[in-house]
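Working notes for the structure below.
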Amino acid sequence: MSGSTAESAEPAAAGAPVPSEPVAELSNITRMYRMGEEEVHALDGFSFTFRKGEYWAIMGSSGSGKSTLLNILGCVDRPTGGSYRVRGQEVADLDDDELSTFRGAELGFIFQSYNLIPQLDVLENILMPVMYQDEVPEGIEDRALELAKRVGLGERLHHRPMQLSGGQQQRVAIARSLINDPALILADEATGNLDSKTADEILELFDELHAEGKTILLVTHEAEVGRRAENVLRLKDGNIDSVERGVSRDGEATDAK
Amino acid sequence: MRAVRLGVSSLLLHKLRSFLTTLGVLFGVASVIAMLAVGEGASAEAQDQIRRLGSRNVILRSVKPPQVGDEDAEMRVLSYGLTRDDFERISETFPGVEQSVPVLQTPAEVRSGQLLCRPRVLCTPHLFQAVTRRDLFSGRFLTVQDEANLSLVCVLGYEVARFLFPFDTALGERVKVGEHYLEVVGVLNSRLPVGTITLDPSSEAGGEVFVPLSTGRAYYGERQTQMRSGSMDIQEVQLHEIIVAAERDIDVPVIAAACRSMLKREHDEKDYEVIVPLELLARAEETKRIFNIVLGSIAGISLLVGGIGIMNVMLATVTERTREIGIRRALGAKRKHIVTQFLVETMVLSGAGGVVGVGVGLLIPWIVERAADLETIVEPAAPILAFGISVLVGIVFGLYPAWRAANMDPVEALRHE
Ligand SMILES: Nc1ncnc2c1ncn2[C@@H]1O[C@H](COP(=O)(O)OP(=O)(O)O)[C@@H](O)[C@H]1O
Ligand SMILES: [Mg+2]
């Protein structure tokens, strides 16, 4: 799949004038809820393009539409208007089954409360998205093992989620989000339930993924967390409030060098 | 297979609840099997008894008509029942009759030494054995010569032989039947299965002594005298029973109808009865069918209750695991995956109940047979049927919860606490 090109592409250079290929293109997205007589526009004509290898923090006050946006990006919710394309695929064209398969193949989810399946062990949880695909790629178990090691859980492959700490569970979730080499990694308050030290470790993991060229969208309300991302997109009343590109990334990059 | 394993591990998270849920199906399945086994056994026993009468036979019996007045008559001869003329008419004019066998019964006591018993003493020609399909235990049955010579011989039923000659063969011995000594020439097998034989020769089933009809008429006559609380009770019956054997099964109803109309014409009183084992068999068959339907419905209701229990628990489970459903959906599970997952869990529950239920259902008839001395028959189809139903219950009652699970909105499901 196009995932292989991610390997060849260099991490988007800071402030590089040549933009990488688009991964998620949203144009004039609306998401309207009807509350009795009233119409609530959680997203109101939102247009934006997330490109390959970008690391975005999506911020904004409560009720600004962050979760709604993430749900639409994650294809668990459908917009009431507008067009959303992932890797060129118009999401509106997919029926429910196709959309399910698409989520499993193209998207990686990381939730605030980890959301592992309690009756499955670490390895099985990591493999979860693949299990629902029509074709299971060859050597996927090895890949799961590799990912488990990568997030530091190589010794706990057959532990159940209950037997792991919050930080460890979130690592499993991260490994799970990577199993299908997704076009987009969507994280909703991924560090919200963790103490600051553990949160930091998770954020470091995100930095690594970013360095490898993964496209990450991280919803957060913590300025601290937002500052670690390459770019920050601020929402207000269901639309874009401000866009800050390459701000913190510059700092990070210079620090690292 | 993976789905089943996952289903089991989900169910094991709530061991007690899963166990209690399966109980309903377990008892349902067990009761289906047990009830069918007991019902089948009971009807098999009844059918066996009827078949012993001979399914190709029509049996005519003399019946003492309801007495009218004359209660104070100290000594009177009550004359009733089948006549020799009846017998002649049947054996000579009825089509489709292979054989007809007259039986005269005499109320004589049977003795050997100190031992005395009161079996049914049946005076009948040699044809009796063939028509009633009785097996010989030893010796021979009555013959044409016995009949012609008015021989003073008799054949004992197994129980009588055992009673009068407990340690020895009865063959060649003389027994006193009424006032006359008869030589035992044969012993008939019991009509009861081995093991259930009671050595009570007065019991209806086995207490029989057979005497040639001609001998019976000559020595004991057609008057049956019995002493009853001081007063004499004399009856005159020419024939107690006529067994009419049809050539083919399909002749039986015709012969039965002919007998009925003939007897009705010839007899002023209803001093006879017509027993048609084939009709009884058909009626027993019908009774069994109704019995099975009733038992089946009762068992079915308990399965239904079990199914409702499962559905109840599965609905609770689905609600409880709303979040899990949301996660699975987000990670790529289609609706059909969710349906399958919960359906498999329900079927594992009901299937487990079914398997154990089959075990219990086989155990109950086994215990009943030993404890209550009732015959039970487990048809091979019964456990299969019962298990199949339990799985079906799983599918039927699992569909709705599974459907509910699959149709949750993933966003809502993920937000669920
Ligand atoms: N299921 C829903 N039904 C009705 N209104 C909703 C629903 N979900 C979100 N909203 C509304 O949409 C707006 C944006 O919500 P949300 O995306 O959850 O904001 P955020 O995650 O930034 O706090 C809010 O005003 C909220 O009340
Ligand atoms: Mg929110």
Side-chain angles (χ1 to χ4, degrees), chain A residues 31 33 42 67-79 94-121 124-136 160-162 172-173 176-180 182 186 188, chain B residues 1-18 313-314 316-346 348-349 352 402-417:
Chain A
R31 179 65 171 99
Y33 293 103
S67 297
T68 306
L69 176 60
L70 206 71
N71 287 338
I72 286 171
L73 283 167
C75 301
V76 284
D77 195 11
R78 288 176 188 268
L94 302 175
D95 69 21
D96 195 78
D97 277 0
E98 289 167 337
L99 200 61
S100 299
T101 307
F102 185 79
R103 283 196 293 268
E106 300 286 351
L107 302 169
F109 291 89
I110 301 164
F111 303 92
Q112 179 172 3
S113 44
Y114 330 128
N115 281 353
L116 303 177
I117 310 278
Q119 58 269 38
L120 301 181
D121 67 19
E124 289 169 327
N125 264 294
I126 294 174
L127 283 165
M128 187 96 252
V130 184
M131 287 303 146
Y132 288 122
Q133 295 296 304
D134 296 328
E135 283 168 56
V136 177
R160 295 276 171 99
M162 300 277 271
V172 177
R176 179 178 69 183
S177 77
L178 294 171
I179 187 79
N180 53 9
L186 304 165
D188 192 358
Chain B
M1 227 42 242
R2 213 186 95 85
V4 172
R5 199 174 55 79
L6 283 183
V8 170
S9 72
S10 295
L11 294 171
L12 287 181
L13 287 181
H14 303 280
K15 289 191 190 68
L16 181 64
R17 187 168 74 180
S18 300
V313 165
M314 286 314 289
T317 303
V318 165
T319 308
E320 208 170 79
R321 285 158 66 185
T322 299
R323 199 183 179 82
E324 179 192 324
I325 294 162
I327 299 165
R328 288 181 187 268
R329 291 282 277 137
L331 297 183
K334 296 175 190 168
R335 285 202 168 97
K336 68 167 193 215
H337 290 126
I338 303 295
V339 168
T340 310
Q341 181 192 342
F342 284 95
L343 213 50
V344 163
E345 277 188 34
T346 319
V348 166
L349 272 182
W403 180 85
R404 275 257 294 247
N407 281 284
M408 284 179 177
D409 175 17
V411 178
E412 296 293 328
L414 277 169
R415 231 195 334 237
H416 188 86
E417 271 320 302

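Chain A is the first sequence line, chain B the second, and so forth, proteins listed ahead of strands; every chain is numbered from 1. For clarity, every value in this text was computed on a predicted model and none was experimentally measured.
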Any side-chain heavy atom of [X] within less than 4.5 Å of one from [Y]?
X        : Y        : value
B/Ser18  : B/Leu12  : no
A/Phe109 : A/Asn115 : no
A/Ile110 : A/Leu186 : no
A/Val76  : B/Arg329 : no

message = At under 4.5 Å between heavy atoms, what parts of residues 404-411 of chain B are in contact with chain A? List them by residue number.
response =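 From residues 404-411 of chain B, the residues near chain A are B/Asp409, B/Pro410, B/Val411.
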Using heavy-atom distances under 4.5 Å, tell me whether [X] contacts chain B through its side chain, its backbone, both, or neither.
X        : result
A/Phe111 : side chain
A/Asp134 : side chain
A/Leu116 : backbone
A/Asn71  : side chain

B/Arg335 portion near chain A, given a 4.5 angstrom heavy-atom threshold =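 Both backbone and side chain.
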Portion of B/Arg321 that has a non-hydrogen atom of chain A nearer than 4.5 angstrom =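 Only the side chain of B/Arg321 comes within 4.5 Å of chain A.
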ask   = Do you know which two heavy atoms are closest between A/Asn180 and A/Pro129, and how far apart they sit?
value =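 Heavy-atom minimum between the residues: ND2-CB, 4.2 Å.
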query = Which atoms form the tightest heavy-atom contact between B/Leu331 and A/Tyr132, and what is the distance?
reply =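 Residues B/Leu331 and A/Tyr132, closest heavy atoms: O-CD1, 4.5 Å.
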inquiry  = Let's test your reading of the structure: which of A/Glu98, A/Gln119, A/Gln133 forms the most heavy-atom pairs below 4.5 Å with chain B?
reply    =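 Counting heavy-atom pairs under 4.5 Å, the top option is A/Gln119.
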A/Arg176 side, atom CZ; A/Ile117 side, atom CD1 - distance, nearest 0.5 Å =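 One gets 7.0 Å once the value is rounded to the nearest 0.5 Å.
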request  = Would you mind checking if A/Asp95 and B/Lys334 are paired as a salt bridge, meaning a charged N to carboxylate O distance below 4.0 Å?
outcome  =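 Salt bridge between B/Lys334 and A/Asp95, a charged N being under 4.0 Å from a carboxylate O: no.
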ask   = Going by atom types alone, do B/Arg323 and A/Ser113 pair a side-chain donor with an acceptor below 3.5 Å?
value =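 A pair is found: one side chain offers a donor N or O, the other an acceptor, under 3.5 Å apart.
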